[in-house]
Amino acid sequence: MKKYDHKKIELKVQKEWEKKKIYFASSESKKPKFYSLIEFPYPSAAGLHVGHIRSNTAMDIISRKRRMEGYNVLYPIGWDAFGLPTENYAIKTGIHPTKVTKDNTDIFRKQLKALGFSFDWSREINTTDPAYYKWTQWIFLQFFKKGLAYKAEIPINWCPKDKIGLANEEVIDGKCERCGEVTEKRMKEQWMLAITKYAERLHKDLDLVDYPERVKLSQRNWIGKSEGSLISFQLIVDSKVSFNKKDTNSKLKAKNQKLEAISVFTTRADTIFGATYVVLAPEHPLVAKLLEQVKNKKDVEKYIKDAKKKSEIERTANDKIKTGIELKGIKAINPANNEEIPVWIADYVLPDYGTGAIMAVPAHDERDFEFAKKYNLPIKQVIMPYNLDTNNPPRQGKENTKREVVHIILRNPKNKTILIEFLKGEKWGNFEPKNFIIGGIEEKESLIKTAFREIKEETGYINVKFVEEISFEVQAEFYAAHKDVNRIVHVHTLVFDLINEEKVEIKEDEYFNKDSHEIKWIPYEKVIETVNIPDDKMTWKYFFEGGFAFSEKGILTNSEKFNGLSSLEAQKKITEFVGGKIVTKFKLRDWVFSRQRYWGEPIPIVNCEKCGLVPVPEKDLPLKLPKIKNYKLTETGESPLAGISKWVNTKCPKCKDKAKRETDTMPNWAGSSWYYLRYTDTKNKKEFASKKNLKYWLGSDSKHGGVDWYNGGMEHTTLHLLYSRFWHKFLYDLKLVPTIEPYMKRTSHGMILGEGGVKMSKSLGNVVNPDKIVKIYGADTLRVYEMFIGPFEEAVVWNTDSIIGARRFIEKIWRIGNKKFVTASNLELKKLLHKTIKKVSEDIETMRFNTAISAMMILTTEMEKSDKIDVEDYKKFLKILSPFAPHIAEELWQKIHSAPQGLALGSLKARPFPAESIHFSKWPKWDENLIKDDEMKIAVQVNGKIRAEIVIKNIENEEDIKKKALSDQIVSKFTAGKEIKKIIYVKNRLVSIVV
RNA sequence: GCCCGGAUGGCGGAAUUGGUAUACGCGCACGACUUAAAAUCGUGUCUCGUAAGGGAUGUGGGUUCGACUCCCACUCCGGGCACCA
């Protein structure tokens with residue numbers, strides 16, 4: 001037999017496939033359809049990346065398997081060719097982007113064909129083709145007509161180097177995603193798409209689709225849905241400032257001096273009694289109005305001006321210190337308790353989230369806390385942590401008793417220690433508490449008086465001095481064994497200092513005596529690790545660190561009639577009480593849709609002085625990009641199109657007067673937002689795709705239809721994937737697509753990293769050239785290698801040295817083809833084959849390609865050893881191999897069909913394609929009976945340690961197996977003289993003996 | 001800071017989801033074939049120990065007859081978000 005020659009085989013097979021157009025997907029078929037999709041590549045000058053090959057091969061394997069399972073498969077390919085790199089290249093070289101794109105796609109096409117992907121090349125699309133972008137523009141006009149595409153003067157992220165406005169998503173760490181230049185804010189009139197109108201549906205419909213959880217999660221986070229309350233705070237002229245203090249009617253008059261009310265958004269209405277000030281964003285529209293009433297107008301104006309000047313980097317810097325300024329002479333009224341509280345302006349409040357104004361609750365919000373500390377604003381606790389004692393939880397059926405309790409931090413300031421009580425014995429179950437001095441408050445007794453009494457009773461110290469009450473209360477619930485009741489205690493913590501060591505004798509009783517009770521002085525820094533009840537731990541931390549914001553939910557305190565409610569209950573009740581409204585807000589912003597660049601779809605709108613923004617009539621689409629000589633950017637930030645007066649100056653489609661064209665182009669996310677729809681009907685001149693074809697390829701079940709399987713990168717989760725879901729939903733609303741979601745199933749490949757575990761990049765010089773690998777090892781080897789390299793959904797490191805393993809596997813398959821085949825079967829081998837069919841069939845579905853290949857490697861090793869291979873078995877093996885290594889599988893398949901039985905294949909020259917392609921043969925089924933083993937080895941454990949291995953037969957019952965295990969020589973050595981307590985038998989796995 | 005991943009031999013990675021840890025591949029060592037080399041095939045390859053046996057899945061604890069797998073605390077690495085009230 002001739003040596004395996006990948007070059008000859010692969011080229012021949014590929015030509016044959018192309019000639020017979022075997023991957024052509026007809027939209028008229030009785031077969032069930034399967035639409036598999038990869039993200040179409042951007043045809044960069046660098047050529048195909050090994051990462052492209054990874055995801056393309058994976059979906060190729062799935063597509064090929066589906067064809068063999070009888071599906072009519074659409075596996076299309078195209079080019080996402082608009083965008084900056086091509087344009088920048090054009091600027092540098094003067095070569096027209098169209099030409100650059102053509103050259104690059106030619107290279108990509110050749111490379112992809114060399115890898116043997118089963119794309120339907122007749123459906124190739126290109127986003128820069130006017131026949132394609134005609135429909136991108138057409139869809140944009142539909143957005144415009146529905147009022148979802150609009151122009152707005154907004155601060156945009158401006159990259160001074162690329163001279164382009166960027167969407168928030170394209171700014172990474174305040175820098176341009178493409179060139180790394182620090183971006184700045186600029187006010188600019190931009191085209192926007194109202195994706196926020198779809199926020200709720202984009203969020204909710206994730207329930208319908210089969211995406212990886214982490215993808216759903218990050219989309220949900222990006223959309224950022226939160227439910228909260230809108231609450232109005234009445235603003236008034238500060239009574240103290242405006243009126244003479246002697247005026248007895250000052251409060252009344254102040255009430256008459258009502259200003260505007262401000263609406264705040266909060267998710268924590270339960271904390272409103274702790275709202276000690278309100279804050280407006282510097283950009284808040286009300287600020288200008290209020291300025292008239294403000295006493296410190298000049299300072300406030302200066303602050304606002306400075307805030308605007310700050311760059312994005314400065315505003316979002318990690319260690320940014322919060323700044324703000326009070327609006328003097330103005331107060332807000334907290335609607336919960338009618339207290340007058342100050343009004344501030346600060347840039348930590350974002351203008352475009354919620355209402356651009358907040359109620360600040362420093363005790364329960366970290367940002368407000370930080371701000372309050374800096375400007376000495378009051379901090380008032382209204383939420384108590386709720387500590388359920390897990391060592392000693394409340395018991396069902398026991399009486400619940402409420403108690404006010406005081407915990408005392410008794411300090412010895414001389415040696416910086418505090419007193420901790422140690423309770424011993426089993427009074428608290430098997431938990432031994434270590435805590436501060438604790439005492440219940442007797443009726444009508446003050447906290448301080450109680451504390452003095454408890455200190456004396458429990459420690460004997462009499463000379464102590466009250467220092468302060470910690471403004472951090474806690475609620476705890478536990479079972480009090482000595483009283484047989486459940487306790488709900490409200491803990492107040494007081495700090496005392498020891499003046500001297502003078503003591504009286506301690507009275508002992510049953511609960512409280514020397515044997516069970518001990519007191520120790522613990523240094524400050526050891527308190528946290530010593531104390532073991534959560535209440536004291538938290539309170540100490542609060543005291544020692546000088547306070548913190550407790551931002552979790554809990555139980556209300558200092559909130560008048562709402563005291564004792566849980567946060568959740570209180571949110572609704574308080575919102576109602578203050579006349580607020582429950583609303584939903586989203587983090588998602590509208591999509592900035594303009595780019596001031598040349599190489600994109602022109603926005604088909606005409607600016608007419610009389611008629612305003614007028615859409616280009618649909619019959620005039622596509623609005624083609626004009627040919628220009630100079631792609632250089634304008635200093636004004638306008639698109640290069642603005643310089644082509646012949647193109648810009650046009651007539652208004654409505655009134656026929658002189659008008660100017662829109663010169664902005666669309667972002668490169670536009671073409672990719674709907675490309676999967678065009679694939680269903682690439683040549684259609686009347687519609688972006690016919691309803692018939694859409695219905696065939698997406699399905700007619702609106703809730704459960706769409707592309708069957710879409711694989712792509714994690715980096716597109718919040719960009720492309722979200723954008724295209726938005727477009728699709730919009731088109732669904734226009735009844736132009738049959739399903740509410742574009743993609744039924746989404747999977748994500750991991751990146752291929754360069755050697756050393758770093759990203760492949762030109763600058764690091766670790767980019768692997770796939771052409772070279774294909775030349776040396778062949779496409780089949782490269783495909784197998786990339787699938788074998790590691791788990792598909794995780795990042796893997798490229799290692800050129802390991803490719804040889806994949807090549808050896810392919811060569812081994814070739815050598816097996818040189819064996820003499822028989823019709824008699826080798827049962828052991830047959831069994832292994834069927835196990836492998838099962839494994840490969842299942843692993844492909846879960847994208848565990850690496851273990852599928854591993855199983856086939858084991859099978860081929862056994863095949864090569866065997867001198868009897870049933871030709872039908874070998875054919876089955878070739879079938880399961882064929883999605884992974886389609887060329888060699890096809891070649892051997894064709895040889896078998898031209899070989900007389902019993903003859904080594906190698907002696908024959910295969911006529912090309914005497915039989916139908918292997919890729920349309922029937923996917924083999926495994927025989928369950930052949931998979932079962934009638935004899936197997938299982939392990940025997942004694943006390944959890946593996947001691948022996950026994951052989952059992954399928955037919956043996958559990959008792960026999962246990963007996964066999966016990967009678968084993970080695971096992972009996974370990975069980976000798978010991979009592980057997982338990983024997984556990986796990987079917988077909990092991991016997992575990994406990995002695 | 002928050003969210004999501006991850007950590008297993010010299011290396012890439014397996015482990016039926018709680019049941020014989022290290023499958024498969026790379027590398028390495030030895031052997032066969034060869035005048036020789038390459039290729040190929042075979043054998044071995046976590047670790048300590050002559051053996052019996054012991055120890056190992058980032059660290060420390062826990063649950064269990066039994067833990068890479070579950071729970072708690074932590075370390076390191078990768079990715080995303082970042083004042084979203």
Side-chain angles (χ1 to χ4, degrees), chain A residues 3 172-174 212-215 217-218 220-222 224-226 228-229 264-268 271 275 279 315-320 322 346-350 352-361 364-368 370-371 551 585-589 714-715 717-718 750-751 753 757-759 784-785 788-791 793-806 808-809 811-812 815 839 842 848 850-858 861 864-865 937-949 973 981-995:
Chain A
K3 227 182 127 198
I172 312 288
D173 292 329
E213 264 321 303
R214 58 192 170 131
V215 171
L217 198 74
S218 59
R220 288 209 170 98
N221 287 343
W222 191 262
K225 180 178 177 176
S226 61
S229 313
V264 305
F265 175 71
T266 177
T267 55
R268 293 298 301 273
T271 64
V279 191
R315 267 190 92 145
T316 57
N318 274 352
D319 48 355
K320 201 198 144 214
K322 292 188 173 43
D347 68 357
Y348 82 92
V349 174
L350 303 174
D352 46 5
Y353 183 74
T355 60
I358 61 156
M359 64 176 206
V361 186
H364 304 293
D365 182 281
E366 272 167 48
R367 296 151 296 177
D368 300 342
E370 195 190 316
F371 193 76
S551 53
K585 294 278 173 196
F586 297 93
K587 279 199 269 189
L588 188 71
R589 308 291 155 79
M714 274 307 281
E715 71 275 20
T717 302
T718 52
M751 261 201 302
L753 303 170
V758 289
K759 227 175 170 170
V784 167
Y785 170 69
F788 185 66
I789 190 168
E793 309 207 54
E794 281 167 38
V796 287
V797 178
W798 180 271
N799 181 351
T800 303
D801 291 342
S802 295
I803 298 173
I804 190 69
R808 284 179 190 150
F809 169 60
E811 283 182 5
K812 187 179 282 189
R815 282 200 304 276
K839 176 111 184 103
E842 291 173 350
R848 285 155 32 145
N850 52 337
T851 51
I853 291 169
S854 158
M856 288 191 285
M857 283 172 168
I858 294 169
T861 302
E864 199 176 33
K865 279 187 204 159
K937 284 179 185 170
I938 67 163
V940 185
Q941 292 186 341
V942 182
N943 282 358
K945 285 219 153 68
I946 309 283
R947 294 301 180 186
E949 206 173 60
K973 207 171 85 186
K981 284 187 188 155
K982 214 197 248 173
I983 304 179
I984 299 152
Y985 171 61
V986 183
K987 201 172 175 225
N988 299 344
R989 291 268 169 248
L990 55 64
V991 180
S992 182
I993 301 163
V994 189
V995 296

Any side-chain heavy-atom pair from [X] and [Y] closer than 4.5 angstrom?
X	Y	answer
Val215(A)	Glu213(A)	no
Phe809(A)	Tyr785(A)	no
Val279(A)	Tyr348(A)	yes
Val361(A)	Arg268(A)	no

Touch class at under 4.0 angstrom, heavy-atom based, for [X] against every strand present:
X	value
Ile858(A)	sugar-phosphate
Lys987(A)	nothing
Lys937(A)	base
Thr717(A)	nothing

Judged by nearest nucleotide, the residue sitting upstream toward the 5' end of RNA chain B, Glu811(A) or Thr851(A), is Thr851(A)

Query - Pairwise 5' ranking along RNA chain B for Ser218(A) and Gly354(A), keeping only the more 5' one - result: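 Nearest nucleotide further toward 5': that of Ser218(A).
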
For this session: List for me each residue that meets side-chain contact (heavy atoms from CB on, under 4.5 Å) alongside Glu366(A), sequence neighbours excluded, and say none if there are none.
Result: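 Expected list: Ala549(A), Ser551(A).
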
Tell me whether the side-chain N/O atoms of [X] come closer than 4.0 Å to OP1 or OP2 in [N].
X	N	result
Tyr353(A)	A85(B)	yes
Asn850(A)	G25(B)	no
Arg815(A)	C41(B)	yes

Glycosidic conformation of U64(B), taking syn as within 90° of 0 and anti otherwise |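 The base of U64(B) is oriented anti (glycosidic angle more than 90° from 0).
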
Judged by whether its glycosidic angle lies within 90° of 0, G42(B) is anti

[N] to [M] separation - [atom1] atoms, rounded to the nearest Å:
N	M	atom1	result
C28(B)	G12(B)	C1'	16 Å
C48(B)	U43(B)	P	24 Å
C46(B)	A14(B)	C1'	15 Å
C4(B)	C71(B)	P	13 Å
C65(B)	C72(B)	C1'	23 Å
U57(B)	C68(B)	C1'	5 Å
A21(B)	U16(B)	P	13 Å
U22(B)	A38(B)	P	32 Å

Tell me the interatomic distance from [X], atom [atom1], to [N], atom [atom2], rounded to whole angstroms.
X	N	atom1	atom2	answer
Asn943(A)	G19(B)	CG	C1'	16 Å
Lys585(A)	A85(B)	NZ	P	11 Å
Ile993(A)	U64(B)	CD1	C1'	18 Å
Phe809(A)	C24(B)	CZ	C1'	11 Å
Trp798(A)	C26(B)	CH2	C1'	14 Å
Leu753(A)	G13(B)	CG	C1'	15 Å
Tyr785(A)	C26(B)	OH	C1'	9 Å
Ile938(A)	G19(B)	CD1	C1'	11 Å

Compile the donor-acceptor pairs under 3.5 Å between side chains in residues 984-993 of chain A and protein atoms, sequence neighbours left out, one pair per line.
residue	atom	partner	partner atom	Å
Tyr985(A)	OH	Asn988(A)	N	3.3
Ser992(A)	OG	Gln941(A)	OE1	3.4

Each nucleotide N or O in nucleotides 1-12 of chain B that has a protein N or O under 3.5 Å away: list the pair and distance.
residue	atom	partner	partner atom	Å
G12(B)	O2'	Ile789(A)	O	2.7

* To do: Kindly say whether, by distance alone, the side chain of Glu715(A) makes a donor-acceptor pair under 3.5 Å with the base of G80(B)?
  => no

Indicate, yes or no, whether a donor-acceptor pair under 3.5 Å links the base of C83(B) to the side chain of Lys322(A).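 Such a pair is found, so the answer is yes.
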
I need the minimum non-hydrogen distance between [X] and [Y], along with the two atoms involved.
X	Y	value
Ser218(A)	Thr717(A)	OG-CG2, 3.2 Å
Glu793(A)	Arg214(A)	O-NH2, 3.6 Å
Ala855(A)	Lys839(A)	CB-CG, 3.8 Å
Ala806(A)	Val784(A)	CB-CG1, 3.9 Å
Leu753(A)	Ala795(A)	CD1-CB, 4.3 Å

Between the CD atom in Glu949(A) and the CZ atom in Arg947(A), the distance rounded to the nearest 0.5 Å is 14.5 Å

CD1 of Ile358(A) to CG of Asp365(A), rounded to nearest 0.5 Å, is 6.5 Å

Among [options], the nucleotide that comes nearest once only the side chain of [X] is considered:
X	options	answer
Arg989(A)	C24(B), G13(B), U20(B)	U20(B)
Gln941(A)	G66(B), A85(B), U17(B)	G66(B)
Ser992(A)	C65(B), C41(B), C81(B)	C65(B)
Met857(A)	G25(B), U17(B), A85(B)	G25(B)

Partner of [N] by Watson-Crick or G-U wobble geometry, both contacts under 3.5 Å, or none?
N	answer
A32(B)	U40(B)
U20(B)	none
C11(B)	G25(B)
G78(B)	C4(B)
A73(B)	U59(B)
A67(B)	none

**Prompt:** Parallel, tilted or perpendicular: which describes the rings of Tyr353(A) and Phe265(A), with under 30° parallel and over 60° perpendicular?
**Reply:**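 The arrangement is perpendicular - the two ring planes meet at more than 60°.
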
Contact string for nucleotides 43-58 of chain B, one letter per nucleotide 5' to 3', B = base within protein heavy-atom range under 4.0 Å, S = sugar-phosphate only, - = neither, reads ---------SSSS---

Protein-nucleic acid N or O pairs under 3.5 Å, nucleotides 27-33 of chain B:
residue	atom	partner	partner atom	Å
G27(B)	OP2	Arg808(A)	NH1	3.3

**Message:** Checking the side chain of Thr861(A) only, and the main-chain atoms of Met857(A) only, is there a donor and an acceptor separated by less than 3.5 Å?
**Reply:** yes

With sequence neighbours left out, the residues meeting ring pair (Phe, Tyr, Trp, His ring centres under 6.0 Å) with Phe788(A) are none

